[in-house]
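Values in this document were obtained by computation on a predicted structure and should not be read as measured data. Residues: numbered from 1 along the sequence shown.
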Amino acid sequence: MATTSEDVWRLLAELATAQAELTAAQKETDRQQKETERRQQETDRQLRELGQQIGGLGAKFGSFTEGLALPSMETILRQRFGMEVISPSVRVTKDGQHLEIDVLAYTNGELNTAYIVEVKSHAREESITQFKSILQRFRGFFSEHKDKKLYGILAAVDLYPELREKILQEGFYVARIHDQVFELDIPDNFQPRPY
């Protein structure tokens with residue numbers, strides 16, 4: 001079958017139309033891709049903002065929990081353990097190192113003892129390691145307490161039973177919230193470990 005010039009012109013016209021459609025489709029794809037990138041950037045910005053807000057809420061909730069724990073822990077520290085000085089939210093910087101203590105309590109004289117209270121809204125496994133580090137570093141920041149017996153109390157709003165047992169095995173006192181008041185939650189035969 002012979003190709004006529006009319007067939008060639010028709011094929012060229014179809015080819016030009018297909019090329020125009022392809023160019024239009026490519027422009028639309030580019031536009032959609034730019035719109036997708038713009039939306040992704042907006043989503044990323046919103047996620048960063050949300051992360052900052054959640055971080056801020058976490059800090060506020062932590063401060064709220066510490067504030068909730070302080071009155072009942074102060075009562076326990078004074079009445080049960082005979083502490084004279086109770087300081088909430090102690091922050092120390094020494095030689096470029098930092099240490100934060102939720103509650104520091106101590107007494108001099110015959111007892112010559114200090115307690116550090118770590119307050120957690122949700123205690124986790126790493127809470128134990130973190131608390132041990134605070135206790136081990138304490139004397140490096142507070143040389144005036146170097147001769148004191150040092151004990152730890154982990155106070156938590158939410159604490160599962162297996163973790164409570166691990167905390168007790170480490171020699172820490174456990175305090176839990178009950179009717180909006182923190183109370184010691186230790187067995188009768190509990191022996192705290194001095195640090």
Side-chain angles (χ1 to χ4, degrees), residues 55-178 180-195:
L57 284 174
K60 286 180 183 175
F61 188 65
S63 296
F64 171 77
T65 304
E66 289 169 21
L68 180 67
L70 184 61
S72 42
M73 290 311 304
E74 186 170 355
T75 300
I76 291 168
L77 290 162
R78 285 196 196 286
Q79 292 178 2
R80 173 139 183 185
F81 299 118
M83 295 298 101
E84 297 170 333
V85 177
I86 299 172
S87 301
S89 192
V90 177
R91 290 176 176 82
V92 183
T93 300
K94 190 173 186 179
D95 299 326
Q97 299 293 312
H98 306 286
L99 184 68
E100 286 190 32
I101 298 173
D102 294 335
V103 180
L104 170 61
Y106 63 90
T107 190
N108 298 315
E110 195 174 313
L111 282 178
N112 204 34
T113 303
Y115 285 84
I116 294 177
V117 181
E118 179 72 9
V119 181
K120 297 288 184 189
S121 45
H122 302 286
R124 300 185 185 355
E125 291 275 340
E126 58 267 17
S127 301
I128 295 172
T129 307
Q130 177 189 8
F131 196 26
K132 284 170 80 171
S133 172
I134 290 170
L135 288 162
Q136 290 165 350
R137 297 171 60 214
F138 175 76
R139 286 184 174 83
F141 285 88
F142 294 93
S143 57
E144 65 272 24
H145 298 302
K146 69 178 182 239
D147 296 330
K148 286 184 172 55
K149 288 178 271 178
L150 178 65
Y151 297 98
I153 302 173
L154 197 124
V157 173
D158 182 36
L159 174 69
Y160 61 90
E162 295 84 10
L163 185 56
R164 175 186 171 269
E165 291 306 313
K166 287 181 180 181
I167 294 167
L168 292 170
Q169 287 172 6
E170 289 293 335
F172 301 141
Y173 288 91
V174 173
R176 296 180 64 183
I177 197 159
H178 182 266
Q180 299 176 350
V181 176
F182 277 86
E183 299 173 345
L184 288 181
D185 181 17
I186 56 173
D188 291 336
N189 63 348
F190 175 70
Q191 293 297 315
R193 179 180 302 154
Y195 277 80

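Ring-centre distance between Tyr195 and Phe138: not below the 6.0 Å cut-off.
The side-chain heavy atoms of Phe142 and Ile101, taken from C-beta on, include a pair separated by under 4.5 Å. Using a 4.5 Å heavy-atom threshold, the side chains of Pro192 and Phe172 count as separate.
Between Leu184 and Ile153, the shortest heavy-atom distance links the atoms CD2-CG2, 4.4 Å. Residues Glu183 and Ile76 come closest through the heavy atom pair CA-CD1, 4.1 Å. For Arg139 against His145, the heavy-atom pair with the smallest separation is NE-O, 4.0 Å. Between Lys149 and Leu111, the shortest heavy-atom distance links the atoms CE-O, 3.9 Å. The minimum heavy-atom distance linking Lys148 with Ala114 is given by the pair CD-CB, 4.0 Å. Considering all non-hydrogen atoms of both residues, Leu154 and Ala123 come closest at CD2-CB, 4.0 Å.
One N or O on the side chain of Lys94 and one on the backbone of Gly140 form a donor-acceptor pair closer than 3.5 Å. Listed for the Arg164 side chain is no donor-acceptor partner under 3.5 Å among the backbone atoms of Val174. With hydrogens and angles disregarded, a donor-acceptor distance shorter than 3.5 Å links the side chain of Arg193 to the backbone of Gln169. Side-chain N or O atoms of Ser72 include none that pairs as donor or acceptor with a backbone N or O of Val181 at under 3.5 Å.
In this model, a donor atom of one side chain and an acceptor atom of the other lie less than 3.5 Å apart for Arg91 and Ser89.
Atom CD of Gln191 has 12 or fewer neighbouring heavy atoms from other residues, nucleotides or ligands inside a 6.0 Å radius.
Listed by chain and number, the residues in a side-chain hydrogen bond (donor to acceptor under 3.5 Å, both in side chains) with Thr107 are Glu84 (sequence neighbours excluded).
Residue Phe141 holds its CZ atom at 8.0 Å from CG of Asp95, rounded to the nearest 0.5 Å. Note: Glu118 CD to Lys132 NZ = 14.5 Å, rounded to the nearest 0.5 Å.
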Side chain to side chain contact (heavy atoms under 4.5 Å, CB included) between Val103 and Leu77, worked out: CA-CA 10 Å; Val103 180; Leu77 290 162; 4.0 Å; yes

